[in-house]
Amino acid sequence: MPFILNIETATKNCSVSIAKDGETIACNELADEGYSHAEKLHVFIEEVMESAGITVQDLVAVAVSQGPGSYTGLRIGVSAAKGLCFALNIPLIAVDTLKTLASQANVSDGKIIPMLDARRMEVYSAVFNASLETEREIKAEVIDEDSFSSYTETVYFVGDCAEKCKTVLTKENFVFLEDIKYPSAHAMSKISYDKYQKSDTVDVAYFEPYYLKDFMMTMPSKKQ
């Protein structure tokens with residue numbers, strides 16, 4: 001009975017789950033505007049362990065969101081996951097953040113386009129079919145009225161970009177599933193279990209999150 005700990009910290013949503021044979025049995029998450037991942041993550045890990053009635057020694061792997069997403073959020077999640085894998089000598093599984101987000105759309109046809117806010121009109125996006133097969137790789141792109149216009153089937157948009165994008169992406173076949181805003185560790189459970197069964201793991205020592213863009217720090221302006 002493989003138990004996998006799933007950690008998702010790529011966005012405002014600090015999310016942790018325990019999965020048994022690919023099914024979530026415990027989950028705790030909080031989407032906080034203040035990005036309180038550093039304060040909440042280890043508390044959530046302890047809480048889901050207690051809720052599932054297991055200890056860290058029962059884990060066979062740890063899965064972590066690999067990005068793209070928040071630089072700080074990804075660093076916090078990956079650091080915690082690596083620490084557990086080193087201490088327990090268990091494998092690390094990296095899960096595509098946008099695939100996790102796309103998997104939350106329960107649709108039977110069309111395209112699923114997960115989008116995460118980058119800044120201004122820029123988003124991180126990818127394109128999946130209804131079977132969650134990748135049809136276009138991840139990009140950081142600026143959204144305009146011509147974006148995704150080549151798709152004639154129904155296109156389902158998920159993520160935290162609906163508010164800024166739905167006034168621009170107005171084709172009749174475009175549908176915004178506005179209740180799906182953030183990737184969740186609950187949705188990681190099946191994906192991470194599939195990877196575990198295939199021994200699709202990453203090197204604990206050398207794995208780095210997929211930031212997609214360089215981290216940019218804005219320095220405060222000097223007062224005159």
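Worth knowing before you read on, the calculation uses all heavy atoms, side chains too, and leaves out hydrogens, waters and symmetry mates. Keep in mind it's a predicted model, so treat the numbers as computed, not measured.
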Problem set entry | Any side-chain heavy-atom pair of M115 and L169 under 4.5 Å | yes
For this session: Looking only at non-hydrogen atoms, find the nearest pair between I93 and A61 and report the distance.
Result: CD1-CB, 3.9 Å
Exercise. Judged by atom type as modelled, is there a donor-acceptor pair below 3.5 Å linking the side chain of H186 to the main-chain atoms of I25?
Worked result: no
For this session: Would you check if Q66 and D96 make a side-chain contact, meaning some heavy-atom pair closer than 4.5 Å?
Result: yes
For this session: Taking all heavy atoms of C161 and all of V123, pick out the closest pair and write down the distance.
Result: SG-CG1, 3.5 Å
For this session: Begin from the C-alpha positions of V60 and I90 and carry the test side chain to side chain contact (heavy atoms under 4.5 Å, CB included) through to its verdict.
Result: CA-CA 6 Å; V60 297; I90 56 177; 5.8 Å; no
For this session: Examine the side chains of Q57 and T55 and answer whether a donor and an acceptor come within less than 3.5 Å of each other.
Result: yes
Problem set entry | N/O donor-acceptor pair under 3.5 Å between S15 side chain and A185 backbone | yes
Exercise. Atom OH in Y151, atom NZ in K171: separation rounded to 0.5 Å?
Worked result: 11.0 Å
Exercise. Would F157 and F148 count as a close aromatic pair, with their ring centres under 6.0 Å?
Worked result: yes
Problem set entry | Side-chain donor/acceptor of R120 to backbone N/O of V142, under 3.5 Å | no
Exercise. Would you call E122-K139 a salt bridge at under 4.0 Å N-O?
Worked result: no
For this session: Quick one: pull up OG in S36 and CD1 in I76 and give me the separation to the nearest 0.5 Å.
Result: 9.0 Å
Problem set entry | No-hydrogen, no-angle side-chain donor-acceptor test under 3.5 Å, R75 and T9 | no
For this session: Drop me the distance from I45's CD1 to K40's NZ, to the nearest 0.5 angstrom.
Result: 14.0 Å
Problem set entry | Backbone N/O of R136 and side chain of T134: donor-acceptor pair under 3.5 Å | no
For this session: Give a yes or no on this: more than 12 heavy atoms of other residues, nucleotides or ligands lie within 6.0 Å of atom CG of N106.
Result: no
Exercise. Atom CD1 of I180 and atom OH of Y156: how far apart are they, to the nearest 0.5 Å?
Worked result: 11.0 Å
Exercise. Is the count of non-hydrogen atoms from other residues, nucleotides or ligands lying under 6.0 Å from E153 atom CD greater than 12?
Worked result: yes
Exercise. D146 side chain to S149 main-chain N or O, any donor-acceptor pair under 3.5 Å?
Worked result: no
Problem set entry | pair Y182-K12: side-chain heavy atoms closer than 4.5 Å | yes
Exercise. Is I138 close to L98 at the side-chain level, that is, under 4.5 Å between some pair of heavy atoms?
Worked result: yes
Seminar exercise, completed: The residue among T24, N6, N28 that forms side chain to side chain donor-acceptor pair (under 3.5 Å) with S17 is N6
For this session: For residues T154 and F174, determine if any side-chain heavy atom of one lies less than 4.5 Å from a side-chain heavy atom of the other.
Result: no
For this session: Answer yes if F128 and V155 sit in the same cluster of Ile, Leu, Val, Met, Phe, Trp and Tyr residues linked by side chain heavy atoms under 4.5 Å apart, and no otherwise.
Result: no
Exercise. Which pair of heavy atoms, one from L101 and one from P183, lies closest together, and at what distance?
Worked result: CD1-N, 3.8 Å
Problem set entry | E50 CD: over 12 foreign heavy atoms closer than 6.0 Å | no
Exercise. With distance as the sole criterion, is a donor-acceptor pair present between the side chains of E145 and T170 under 3.5 Å?
Worked result: no
Exercise. Are L92 and K82 side-chain neighbours, meaning at least one heavy-atom pair lies under 4.5 Å?
Worked result: yes
Exercise. Would K198 and D194 pass as an ion pair if we require N to O under 4.0 Å?
Worked result: no
Exercise. Are Y196 and L59 connected in the hydrophobic side-chain network, where two residues link if heavy atoms are under 4.5 Å apart?
Worked result: no
For this session: Show your reasoning for whether side chain to side chain contact (heavy atoms under 4.5 Å, CB included) applies to S103 and I191.
Result: CA-CA 9 Å; S103 72; I191 300 171; 4.1 Å; yes
For this session: Using distance alone, with no hydrogens and no angle criterion, decide if S184 and E8 have a side-chain donor and acceptor under 3.5 Å apart.
Result: no
Problem set entry | Separation between CD1 of I7 and OG of S79, rounded to the nearest 0.5 Å | 10.0 Å
Problem set entry | Cluster overlap V56 with I4, hydrophobic side-chain contacts below 4.5 Å | no
Problem set entry | Atom NZ of K181 with >12 non-hydrogen neighbours under 6.0 angstrom | no
For this session: Side-chain contact test, heavy atoms from C-beta onward, threshold under 4.5 Å: evaluate it for K166 versus E178 and give yes or no.
Result: yes
For this session: Supply the atom-to-atom distance I18 CD1 to S51 OG, rounded to the nearest 0.5 angstrom.
Result: 9.0 Å
Exercise. Can you list the steps and then say if D21 with F3 is a side chain to side chain contact (heavy atoms under 4.5 Å, CB included)?
Worked result: CA-CA 7 Å; D21 297 326; F3 293 99; over 6 Å; no
Exercise. Is any side-chain heavy atom of E29 less than 4.5 Å from a side-chain heavy atom of C14?
Worked result: no
Problem set entry | Shortest non-hydrogen separation from S65 to V78 and the atoms involved | O-CG2, 4.3 Å
For this session: Apply side chain to side chain contact (heavy atoms under 4.5 Å, CB included) to V64 and F207, showing your working.
Result: CA-CA 11 Å; V64 67; F207 172 72; 4.2 Å; yes
For this session: Without swapping roles, check the side chain of N129 against the backbone of E133 for a donor-acceptor pair under 3.5 Å.
Result: yes
